[in-house]
Amino acid sequence: MAVLRFDSVSKQYTGGRTALAEVSFEVAAGEMLFLTGHSGAGKSTLLKLIHLAERPSRGAVLFNDRNLLKVRGRRVALHRREVGVVFQDHRLLTDRSVFDNIALPLILRGMRRAEIGKRVRSALERLGLADREAALPGQLSAGEQQRVGIARALVAEPRLLVADEPTGNLDPTLSAEIMALFASLPERGTSVLVASHDLGLVKRMRRRVLVLDHGRLVDDIAPEDLADG
Ligand code: ADP
Ligand code: ADP
């Protein structure tokens with residue numbers, strides 16, 4: 001079953017040029033794949049259409065067979081519970097502890113405090129942050145901050161995780177650790193779509209790769225067809 005489907009999706013920004021042109025692809029449930037292409041190719045725009053930060057100009061985006069065009073108003077927040085988002089700049093609240101940052105999505109949906117505590121501690125454990133829960137983001141290393149951002153995206157157990165250049169600010173060792181973590185998610189029921197312009201890193205992961213060029217999907221490479229390098 002497809003968790004995500006793009007059906008001839010185009011996006012033009014007001015007054016701007018075409019960010020996406022007739023893009024079609026499917027992501028199977030439990031799949032991990034990459035989205036690559038030069039700066040300006042449309043990667044961020046494609047991810048924004050999935051978490052409803054933007055709307056397509058033409059075509060349809062389907063999530064679990066639901067057409068996102070019909071997801072409006074209060075349903076947007078419900079949809080976002082099923083899609084975890086990781087940003088390059090992680091967007092943590094600087095005056096809140098690690099624990100509070102990760103708890104936020106659960107607090108917003110009115111979950112009970114005992115349940116929140118359980119889920120947040122489990123996410124902290126999973127990301128190797130158990131001893132950092134009381135720290136403020138400013139007291140953490142870049143890699144730890146990014147892991148908090150990932151914990152916040154995962155705490156609600158989304159069907160799909162989308163990550164926009166999640167290793168853009170990290171050294172190669174930390175990048176590899178984050179990628180290994182992403183690669184472990186599908187077996188837990190979360191599909192993963194990672195946008196990255198770091199071709200070397202993408203190739204090393206040996207997963208399916210979608211390639212965007214000036215808004216067009218120009219390649220959809222199976223893992224076995226990835227060249228070394
Ligand atoms: P990428 O993530 O691959 O760098 P983007 O999706 O950010 O690409 O951008 C694709 C194209 O859309 C670029 O030409 C960019 O300048 C343009 N663009 C992105 N966001 C906006 C916006 N909010 N308004 C107008 N143009 C935009
Ligand atoms: P709202 O209900 O406030 O419009 P939405 O989440 O539905 O919020 O819309 C998100 C963005 O999509 C907004 O920037 C809105 O202008 C734009 N948008 C709304 N309707 C359409 C449409 N039919 N086609 C393209 N973009 C749209």
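Atoms within each ligand, like the ligands themselves, are counted from 1 in listed order. Remember, predicted model here, so these are calculated numbers, not experimental data.
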Student: If you measure every N or O of Lys43 against every N or O of ligand 1, does any of those distances drop under 3.5 Å?
Tutor: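 So ligand 1 has an N or O lying under 3.5 Å from an N or O of Lys43.
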Student: Between Thr18 and Tyr13, do the side chains contain an N or O donor and an N or O acceptor separated by less than 3.5 Å?
Tutor: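 No.
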Student: Identify the protein heavy atom lying closest to atom 4 (O) of ligand 1, giving its residue, its atom name and the separation to 0.1 Å.
Tutor: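 Here the closest protein heavy atom is Gly40 N, 2.7 Å.
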Student: For atom 16 (O) of ligand 1, is some protein heavy-atom partner under 4.0 Å away?
Tutor: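 It does not: no protein heavy atom is found less than 4.0 Å away from atom 16 (O) of ligand 1.
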Student: What atoms in ligand 1 come closer than 4.0 Å to a heavy atom of Ser39?
Tutor: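 Counting from 1, the qualifying ligand atoms are 4 (O).
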Student: Check whether any side-chain heavy atom of Val192 lies under 4.5 Å from a side-chain heavy atom of Leu33, and answer yes or no.
Tutor: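 They are not in side-chain contact.
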Student: Under a 4.0 Å N-O cut-off, is there an ion pair linking Arg66 with Glu82?
Tutor: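 A salt bridge is present here (some side-chain N lies under 4.0 Å from a carboxylate O).
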Student: Before accepting this row, confirm whether a basic side-chain N of the pair Asp220/Arg208 lies closer than 4.0 Å to the acidic partner's carboxylate O.
Tutor: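 Salt bridge: yes.
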Student: For atom 19 (C) of ligand 1, find the nearest protein heavy atom and state the residue, atom name and distance (0.1 Å precision).
Tutor: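 Looking only at protein heavy atoms, the one closest to atom 19 (C) of ligand 1 is Tyr13 CE1, 3.4 Å.
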Student: Looking only at protein heavy atoms, which one is nearest to atom 8 (O) of ligand 1, and what is the separation?
Tutor: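 Closest protein heavy atom to atom 8 (O) of ligand 1: Gly42 N, 3.1 Å.
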Student: Under 3.5 Å, is there a donor-acceptor pair linking the side chains of Ser191 and Glu31?
Tutor: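 The criterion, which ignores hydrogens and geometry beyond distance, is not satisfied for Glu31 and Ser191.
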Student: Looking only at distances, can you tell me whether any N or O atom of Lys48, backbone or side chain, sits closer than 3.5 Å to an N or O atom of ligand 1?
Tutor: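 It does not: no N or O of Lys48 is found under 3.5 Å from an N or O of ligand 1.
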Student: Looking only at side-chain N and O atoms, does Gln146 offer a donor or acceptor that is under 3.5 Å from a partner on His90?
Tutor: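 The answer is no; no qualifying pair exists.
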Student: Enumerate the atoms of ligand 1 whose separation from the nearest heavy atom of Ser44 is less than 4.0 angstrom.
Tutor: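 With Ser44 as reference, the close atoms of ligand 1 come out as 1 (P), 2 (O), 6 (O), 7 (O).
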Student: Tell me: protein heavy atom nearest atom 14 (O) of ligand 1, and distance?
Tutor: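 The closest heavy atom on the protein side is Arg17 NH2, 3.5 Å.
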Student: Ion pair present between Glu125 and Arg121, side-chain N to carboxylate O less than 4.0 angstrom?
Tutor: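 Looking at Glu125 and Arg121, the cut-off is not met.
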Student: In terms of side-chain heavy atoms, does Ser24 have a donor or acceptor partner in Asp7 at a distance below 3.5 Å?
Tutor: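 No pair is found: no donor N or O on one side chain lies under 3.5 Å from an acceptor on the other.
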Student: Does NE2 in His214 sit with more than 12 non-hydrogen atoms of other residues, nucleotides or ligands closer than 6.0 Å?
Tutor: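 Counting neighbours around NE2 of His214, 12 or fewer heavy atoms of other residues, nucleotides or ligands fall under 6.0 Å, so no.
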Student: Measure the distance from atom 6 (O) of ligand 1 to every protein heavy atom, then report the residue, atom name and distance (to 0.1 Å) of the closest one.
Tutor: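 For atom 6 (O) of ligand 1, the nearest protein heavy atom comes out as Thr45 OG1, 2.6 Å.
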Student: Going by a strict under-4.0 Å cutoff (protein heavy atoms only), does atom 27 (C) of ligand 1 have a neighbour on the protein?
Tutor: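 For atom 27 (C) of ligand 1 the answer is yes, since some protein heavy atom falls inside 4.0 Å.
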Student: Under a heavy-atom criterion of less than 4.0 Å, does His38 contact ligand 1?
Tutor: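 Yes; His38 lies near enough to ligand 1 that a heavy-atom distance drops under 4.0 Å.
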Student: Does an N or O anywhere in Ala19 fall below 3.5 Å from an N or O of ligand 1?
Tutor: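 N/O-N/O distance under 3.5 Å: no.
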